[in-house]
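Lettering of chains follows the sequences in order, A, B, ..., and the numbering in each one begins at 1.
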Number of protein chains: 2
Amino acid sequence: MKTSTLQDVARVAKVSTATVSRTLSNPDVVSESTRRRVSEAVKVTGYRINRAARNLRTQRAHSVLVLLPNLANPFFATILEGISRHLSQLGYSMLIASTKQVHDSGERLIDYLDDARADGMIILDGGLAPEVVEMLAAAPQAKRILFACEWVDGASFPSVRCQNRQGARVAVSHLYELGHRKIAHLTGPEGNVLMHTRMDAFVLEMAARDLELKPEWIIPGDFSLSAGCHAAKAWVAMQDRPTAVFCASDQLAMGFIAELSRRDVKVPDDVSVMGFDDIELAEQFIPPLTSIRQDRLLIGETAAKMLMERIVSPDVEHSSSAAVLPVSLVTRESTAPLVAAQTE
Amino acid sequence: MKTSTLQDVARVAKVSTATVSRTLSNPDVVSESTRRRVSEAVKVTGYRINRAARNLRTQRAHSVLVLLPNLANPFFATILEGISRHLSQLGYSMLIASTKQVHDSGERLIDYLDDARADGMIILDGGLAPEVVEMLAAAPQAKRILFACEWVDGASFPSVRCQNRQGARVAVSHLYELGHRKIAHLTGPEGNVLMHTRMDAFVLEMAARDLELKPEWIIPGDFSLSAGCHAAKAWVAMQDRPTAVFCASDQLAMGFIAELSRRDVKVPDDVSVMGFDDIELAEQFIPPLTSIRQDRLLIGETAAKMLMERIVSPDVEHSSSAAVLPVSLVTRESTAPLVAAQTE
DNA sequence: AGCGCTCTTGCAATCGATTACATATTTTCT
DNA sequence: AGAAAATATGTAATCGATTGCAAGAGCGCT
């Protein structure tokens with residue numbers, strides 16, 4: 001009933017435990033005949049390696065911690081899927097925790113790396129407290145930490161991100177080509193790197209095209225549906241209304257459109273709206289949402305890949321410290337050419 | 001730079017490693033004075049326990065595997081949050097894998113329990129292949145497996161679920177009280193336990209109220225948005241249209257409403273629609289969705305709690321083998337009283 | 001035959017914590 | 001005072017796999 005150990009296999013195969021271990025982890029060094037005997041013995045005994053023992057001996061946890069701001073945000077699910085896919089290929093497991101929870105429990109993040117629970121860490125939260133970031137950066141394990149999606153300006157951790165600036169540029173360009181000249185931007189939360197990056201690129205692109213940009217056309221939000229609703233009220237109240245709104249997230253766009261439709265403002269007839277992220281729901285929304293697509297599966301896989309490279313060979317110099325993944329415009333029905341009626 | 005071990009602490013505190021270990025895990029048995037000396041030494045050395053070593057010695061992984069059908073489904077996020085919350089309180093970690101991925105990688109589920117990677121397993125997927133279920137049930141570790149949300153009929157694993165039948169009854173009752181007599185049910189995927197349970201309870205409740213139920217009013221679906229869209233087409237095509245539709249999930253309801261609105265059918269004016277689950281989005285949807293609420297955080301916490309009890313004391317008889325959590329009706333704007341126009 | 005080489009294999013130490021058992025010390029009770 | 005009980009601490013085995021080192025076997029070459 002008890003699971004069998006290397007010793008059991010060794011006994012059955014009539015070899016030493018060393019030989020069994022080698023057969024399993026490095027088959028080339030053992031002879032053909034013992035290899036067969038051992039394989040047979042493994043089958044007979046139903047041997048499964050004991051990971052706790054291996055982890056202790058090899059000083060590896062064979063798992064990676066993924067840290068999210070908030071587990072309940074569907075945006076992260078596909079990224080996790082990508083991470084998990086790559087990790088399990090390499091025999092690694094994925095541990096999940098939320099920054100909030102870790103913080104509340106009084107645990108220090110670095111402990112996960114310190115106490116042999118995880119070999120590395122993928123952080124999807126750029127909003128860590130500065131003292132936490134500093135502590136991580138100073139730790140000897142800092143090389144096994146990687147940021148994905150979000151990042152911390154000034155810190156030197158490797159990261160995976162999408163072309164946020166390019167996304168904002170493409171968005172403006174798309175709306176411009178539809179004839180829009182008065183374009184607003186509904187932003188993410190103050191202090192968030194993505195919010196700043198996207199807003200910054202938006203402002204620059206507007207300027208590059210010589211488009212007027214009234215201060216009130218930068219509407220502060222926070223990526224959430226309800227912020228989108230609030231923004232809709234602000235938009236309605238403007239005397240000089242933009243004819244198109246570029247939202248920093250799909251959720252914002254959905255909230256914005258939902259509130260407008262409650263007030264009988266039609267999208268895209270009365271105003272064009274686009275989002276960012278291209279979450280699953282964007283396609284099903286009414287109207288289907290024009291958005292900037294991020295390949296979240298690829299983000300996850302790339303993050304896992306980069307991190308694992310650094311874990312497996314900590315000493316080699318790793319080329320790129322930031323992978324920037326492409327975004328693309330997905331045109332759907334929430335944006336439309338400017339019509340005369342709107343400009344009146 | 002190397003992390004310090006029990007030995008280091010023992011040396012500094014001038015006691016044996018045994019004493020240090022006791023001080024940390026069972027402080028009551030050591031004297032006040034050594035306790036202080038050890039605590040001091042722990043602080044000085046910056047000691048962190050090595051979990052791999054402890055896991056090996058105690059034969060515990062101090063982690064639990066959570067198995068989902070699909071990581072990308074936002075429905076599970078809150079449940080995970082609940083599980084993780086409870087686990088981390090007890091110093092346990094949460095490992096995540098998707099059934100599909102495990103299957104594709106050729107790994108056997110039971111291996112996670114066998115090889116000291118996890119002490120227990122919470123399965124959120126009732127659709128496991130029968131041979132997999134059988135294998136799990138036959139394993140000596142079967143007592144450390146628990147199902148949540150979904151379950152497998154006939155298998156004897158403990159489980160956590162919500163009052164699915166009660167939910168269906170409350171739904172019919174709600175629509176009935178609004179005056180509806182012709183009520184359709186849009187189901188989940190064929191073969192899914194939730195689908196069958198909810199449909200079954202729906203049919204019984206309709207019969208109990210002596211309401212007519214045409215076969216075509218049971219519309220097959222699969223919990224997804226797009227199935228909802230298809231169902232809407234079916235509804236439009238009916239000669240004798242139900243005035244209310246009870247959907248087996250919120251996503252179904254949203255897809256259903258979205259497609260109707262494309263065809264200028266108004267909800268709730270022309271037809272009342274309600275969902276099941278009360279996902280975050282239900283409230284933001286247009287119109288805000290009437291639904292049957294499941295407390296997903298509680299489901300997660302309860303599942304973790306029940307499983308941990310069984311892991312910590314495997315020998316005591318555990319009272320309830322199935323926790324059934326309450327559901328509640330959340331009335332919003334997608335359901336309305338029947339009006340004369342609809343009956344024509 | 002004897003030497004050196006390669007290829008296999010075994011011995012035994014090791015990773016770092018836990019804990020049964022033994023021992024030393026103090027307290028309690030008659 | 002002396003025995004018994006209670007308390008505190010140390011000794012050393014143990015969990016199960018990995019791996020440096022040494023040794024044996026087999027081979028070719030001079």
Note to self: With a 4.0 Å limit, can you tell me whether B:Ser25 has a side-chain N or O closer than that to the phosphate oxygens OP1/OP2 of C:dT18?
What the structure shows: no
Margin query: Tell me which pairs pass ring pair (Phe, Tyr, Trp, His ring centres under 6.0 Å) where either residue lies in residues 128-152 of chain B, with sequence neighbours left out.
Written below: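 Passing the test, one end in residues 128-152 of chain B: B:Phe147-B:Phe157.
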Next item on the list: Nearest whole angstrom, please: distance from the P of C:dT19 to the CG of B:Leu24.
Entry: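 Taking CG of B:Leu24 and P of C:dT19, I get 13 Å after rounding.
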Notebook entry, point to check: Could you write nucleotides 10-17 of chain D as a row of B, S and -, 5' to 3', where a protein heavy atom under 4.0 Å of any base atom gives B, of only sugar-phosphate atoms gives S, and otherwise -?
Noted result: BB-BBBBB
Check: Hey, what do you get for CD1 (B:Ile49) to OG1 (B:Thr3), rounding to the nearest 0.5 Å?
Finding: 11.5 Å
Check: About how many Å separate CZ of B:Arg48 and CD1 of A:Ile110, when rounded to the nearest 0.5 Å?
Finding: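 One gets 11.0 Å once the value is rounded to the nearest 0.5 Å.
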Applying side chain to side chain donor-acceptor pair (under 3.5 Å), name anything that partners [X], two or more places apart in sequence or on another chain.
| X | value |
| --- | --- |
| A:Asp115 | A:Arg117, B:Arg51 |
| B:Arg54 | none |
| A:Glu81 | none |
| A:Ser63 | none |

Next item on the list: Could you list the residues that satisfy side chain to side chain contact (heavy atoms under 4.5 Å, CB included) with B:Val324, not counting sequence neighbours?
Entry: B:Arg161, B:Gln163
Check: Looking at DNA chain D, which of residues 32-39 of chain B put a heavy atom within less than 4.0 Å of it?
Finding: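 Here the set is B:Thr34.
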Please list, for nucleotides 4-6 of chain C, all pairs of protein and nucleotide N/O atoms separated by less than 3.5 Å.
none

Notebook entry, point to check: Quick one: side-chain hydrogen bond (donor to acceptor under 3.5 Å, both in side chains) pairs with a partner in residues 10-24 of chain A, sequence neighbours left out?
Noted result: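 Checked against side-chain hydrogen bond (donor to acceptor under 3.5 Å, both in side chains) - neighbours excluded - the pairs reaching residues 10-24 of chain A are A:Asp8-A:Arg11, A:Ser16-A:Thr19.
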Notebook entry, point to check: Could B:Glu280 and B:Arg296 be called an ion pair, given the rule that one side-chain N must be under 4.0 Å from one carboxylate O?
Noted result: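 A salt bridge is present here (some side-chain N lies under 4.0 Å from a carboxylate O).
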Next item on the list: Flag the pair B:Glu40 and B:Arg37 as a salt bridge only when some basic side-chain nitrogen lies within less than 4.0 angstrom of an acidic carboxylate oxygen.
Entry: no
Check: Side chains of B:Ser105 and A:Gln89: is there a donor and an acceptor less than 3.5 Å apart?
Finding: no
Can you give me every donor-acceptor pair (side chain of residues 119-135 of chain A, partner residue at least two apart or in another chain, under 3.5 Å) with its distance?
{"from": "A:Asp119", "atom 1": "OD1", "to": "A:Ala61", "atom 2": "N", "distance (Å)": "2.7"}
{"from": "A:Asp119", "atom 1": "OD2", "to": "A:Ala61", "atom 2": "N", "distance (Å)": "3.2"}
{"from": "A:Asp119", "atom 1": "OD2", "to": "A:His62", "atom 2": "N", "distance (Å)": "2.7"}
{"from": "A:Asp119", "atom 1": "OD2", "to": "A:Tyr92", "atom 2": "OH", "distance (Å)": "3.4"}
{"from": "A:Asp125", "atom 1": "OD1", "to": "A:Gly127", "atom 2": "N", "distance (Å)": "2.7"}
{"from": "A:Asp125", "atom 1": "OD2", "to": "A:Thr99", "atom 2": "OG1", "distance (Å)": "2.9"}

Note to self: Please report the end-to-end axis angle for the helix from C:dA1-D:dT30 to C:dT30-D:dA1, five pairs per end, rounded to 10 degrees.
What the structure shows: 50°
